[in-house]
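Everything on this sheet refers to the single structure shown next.
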4 protein chains.
Amino acid sequence: MEFNSDKAIYLQIADYICDQIQMKKWKSNEKIPSVRELAVILEVNPNTVMRAYDHLQQQEIIYTKRGMGYFVNEHSSAKILKERKDQFLKEELPAIFRRMQMLGINSNELLSQLDYFNKTNV
Amino acid sequence: MEFNSDKAIYLQIADYICDQIQMKKWKSNEKIPSVRELAVILEVNPNTVMRAYDHLQQQEIIYTKRGMGYFVNEHSSAKILKERKDQFLKEELPAIFRRMQMLGINSNELLSQLDYFNKTNV
Amino acid sequence: MEFNSDKAIYLQIADYICDQIQMKKWKSNEKIPSVRELAVILEVNPNTVMRAYDHLQQQEIIYTKRGMGYFVNEHSSAKILKERKDQFLKEELPAIFRRMQMLGINSNELLSQLDYFNKTNV
Amino acid sequence: MEFNSDKAIYLQIADYICDQIQMKKWKSNEKIPSVRELAVILEVNPNTVMRAYDHLQQQEIIYTKRGMGYFVNEHSSAKILKERKDQFLKEELPAIFRRMQMLGINSNELLSQLDYFNKTNV
DNA sequence: GTGGTCTAGACCACC
DNA sequence: GTGGTCTAGACCACA
């Protein structure tokens with residue numbers, strides 16, 4: 001996995017885990033990789049993975065059983081999808097639209113860009 | 001002015017200045033507010049404003065005359081517009097489109113959101 | 001049985017066993033459930049129950065006969081009661097009183113809470 | 001400061017900070033010691049202090065201004081007092097009362113212990 | 001084996 | 001100066 005340098009690694013790991021859960025690759029009440037395991041896979045310090053897990057536990061995405069590992073919470077998949085969609089519609093899109101206004105880009109241009117994107121990303 | 005905590009304040013100030021220039025509120029070869037003036041207005045440490053000015057000077061958006069202050073470069077407005085548009089089309093839009101794919105949002109939903117935005121931002 | 005996450009499970013199991021002995025549900029020289037039995041009942045790993053039994057054996061609350069199981073020691077009930085009372089008076093109560101001081105709770109409020117507790121726990 | 005070994009140091013530090021805030025030694029919107037400063041004072045690793053601050057920030061007890069330090073949130077003092085009192089009345093006291101029932105301690109004995117405590121802690 | 005805590009020391013961006 | 005992140009390595013209790 002490659003890490004982007006303008007976002008904390010532990011947050012990128014948390015995002016990666018959310019991706020897996022949202023796509024149901026890791027299901028409800030299923031054990032996720034141990035801290036050390038994932039640290040080896042991602043070539044990262046165990047503390048960094050730990051921090052990502054901690055972060056997700058506070059959001060109740062995952063939970064821990066002592067001595068046994070971390071597990072996916074019930075309904076986390078739907079919860080993640082919902083929160084991401086909310087954030088997208090309420091914050092990211094409006095920001096984009098404001099930007100379009102400022103730059104004088106209209107909806108036609110937007111659609112043609114979308115068409116182009118879809119063609120080149122089959 | 002409110003600052004977003006996930007972007008450096010001096011960069012947000014630089015953005016703000018670019019906004020003014022792009023919208024031609026501050027015109028070519030016109031003096032812009034002094035570091036101290038702007039610091040008072042934005043309720044920010046003068047060092048932070050200084051850093052924003054520095055940043056913009058390196059990009060040749062503004063220039064300084066010793067003892068007189070900072071001034072807007074010729075053609076800065078067009079330059080800013082062009083750079084912003086480029087970045088928007090090459091980076092921001094594709095990121096948004098990728099996001100839409102992942103969240104299962106199609107072009108119809110995008111358009112309806114845009115309609116809604118336009119109606120509520122007259 | 002529900003376990004509190006801020007105390008080791010094996011200690012909570014040991015407490016549970018002490019409860020039974022103190023209340024004389026499990027009497028002197030009587031056999032207590034086997035490790036496996038109790039593990040099934042409490043939905044816990046047998047190792048964890050084993051550890052609780054080990055702990056209690058060191059305190060001479062229970063003893064083992066090879067091949068036969070674990071048994072309650074003579075006088076364990078009284079011993080447990082005495083030790084618990086001691087700890088309660090010397091450590092738990094003073095801690096509570098210190099807490100009350102800090103929170104500005106006086107003896108009247110304490111008594112009214114006790115009244116309320118007694119009424120709702122008949 | 002002495003640390004108790006049966007609770008994480010960073011939580012004890014967080015408690016200590018809450019004490020200061022509750023007692024209004026550190027007031028609303030006032031700067032609290034920097035991570036490094038407190039680390040030196042408490043003879044602890046800066047990371048450990050950082051973790052305590054992080055913990056309190058998530059509970060909105062304190063907040064951070066980049067490059068400037070940590071500050072006490074508005075109303076944190078009252079909030080801490082309220083939460084501690086709630087926890088005391090709803091969890092700690094009932095546990096104590098249950099314990100009293102089990103140990104055969106009545107309200108008279110409780111009061112005499114409280115008297116004794118008050119005399120010896122003037 | 002698992003999580004959890006802690007230290008020591010480093011580097012970075014920001015104010 | 002400030003916070004924030006990351007690494008390396010250690011130790012502990014728990015299952």
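Proteins come first, then strands; the chains are lettered A, B, ... in the order of their sequence lines, and each starts at number 1.
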Point to revise | d(CD1, I62(A); P, dT2(E)) in whole Å | key: 15 Å
Point to revise | Exceeds 12 heavy-atom contacts within 6.0 angstrom, atom CD of E30(A) | key: yes
Study note, to complete from the structure: Taken to the nearest whole Å, NZ/K31(D) to C1'/dC15(E) is 12 Å
Review point. Which heavy atom in L56(C) sits nearest to a heavy atom in C18(C), and how many Å separate them?
Key: CD2-SG, 3.8 Å
Point to revise | Donor-acceptor under 3.5 Å (Q12(B) side chain, K7(B) main chain) | key: yes
Point to revise | Contacts of K65(B) that satisfy side chain to side chain donor-acceptor pair (under 3.5 Å) - sequence neighbours left out | key: none
Check your understanding: Atom CG of D6(D) and atom P of dA13(F): how far apart are they, to the nearest Å?
Key -> 12 Å
Point to revise | Length of the line joining Y63(A):OH and dG3(E):C1', which is rounded to integer Å | key: 15 Å
Point to revise | Protein-nucleotide distance (M68(A), atom CE; dA15(F), atom C1'), rounded to Å | key: 7 Å
Review point. Nearest-Å distance, CD1 (I32(A)) to C1' (dG3(E))?
Key: 12 Å
Any protein N or O atoms within reach of nucleotides 5-7 of chain E? Criterion: under 3.5 Å, listing atom names and distances.
residue : atom : partner : partner atom : Å
dT5(E)  : OP2  : R51(D)  : NH2          : 2.6
dC6(E)  : OP1  : I9(D)   : N            : 2.2
dC6(E)  : OP2  : Y10(D)  : N            : 3.4
dC6(E)  : N4   : N47(A)  : OD1          : 3.4
dT7(E)  : OP2  : N45(D)  : N            : 3.2
dT7(E)  : OP2  : T48(D)  : OG1          : 2.5

**Study point:** S34(A) side-chain N/O to dT2(E) phosphate OP1/OP2 under 4.0 Å
**Key:** yes
Point to revise | Closest contact, heavy atoms only, I96(D) versus F88(C) | key: CD1-CE1, 3.8 Å
Practice item. Only counting residues at least two apart or in another chain, list the ones meeting side chain to side chain donor-acceptor pair (under 3.5 Å) with Q22(A). Key: R84(A)
Exercise for review: Tell me, please, which residues at least two apart from Y63(C) pass side chain to side chain donor-acceptor pair (under 3.5 Å).
Suggested key: N29(C)
Exercise for review: For P33(D) and for G67(A), find the nucleotide of DNA chain F with the closest heavy atom, then tell me which residue's nucleotide is more 5'.
Suggested key: P33(D)
Practice item. Calculate the interatomic distance between Q57(D) atom CD and dT2(F) atom P; express it in whole Å. Key: 17 Å
Review point. Between R66(D) and dC15(E), is there a side-chain N or O to OP1/OP2 distance below 4.0 Å?
Key: yes
Review point. Can you list the stems that DNA chain E is part of, where a stem is at least 3 pairs in a row, each Watson-Crick or G-U, with both distances below 3.5 Å?
Key: E:1-14 with F:1-14
Check your understanding: Can you list every salt bridge (Lys or Arg N to Asp or Glu O under 4.0 Å) pair that touches residues 31-40 of chain C, not counting sequence neighbours?
Key -> none
Exercise for review: Could you tell me which non-hydrogen atom of Y10(C) sits nearest to which non-hydrogen atom of A52(C), and how far apart they are?
Suggested key: O-CB, 3.4 Å
Check your understanding: Roughly how many Å is it from CZ in R36(D) to P in dC11(E), rounded to a whole number?
Key -> 13 Å
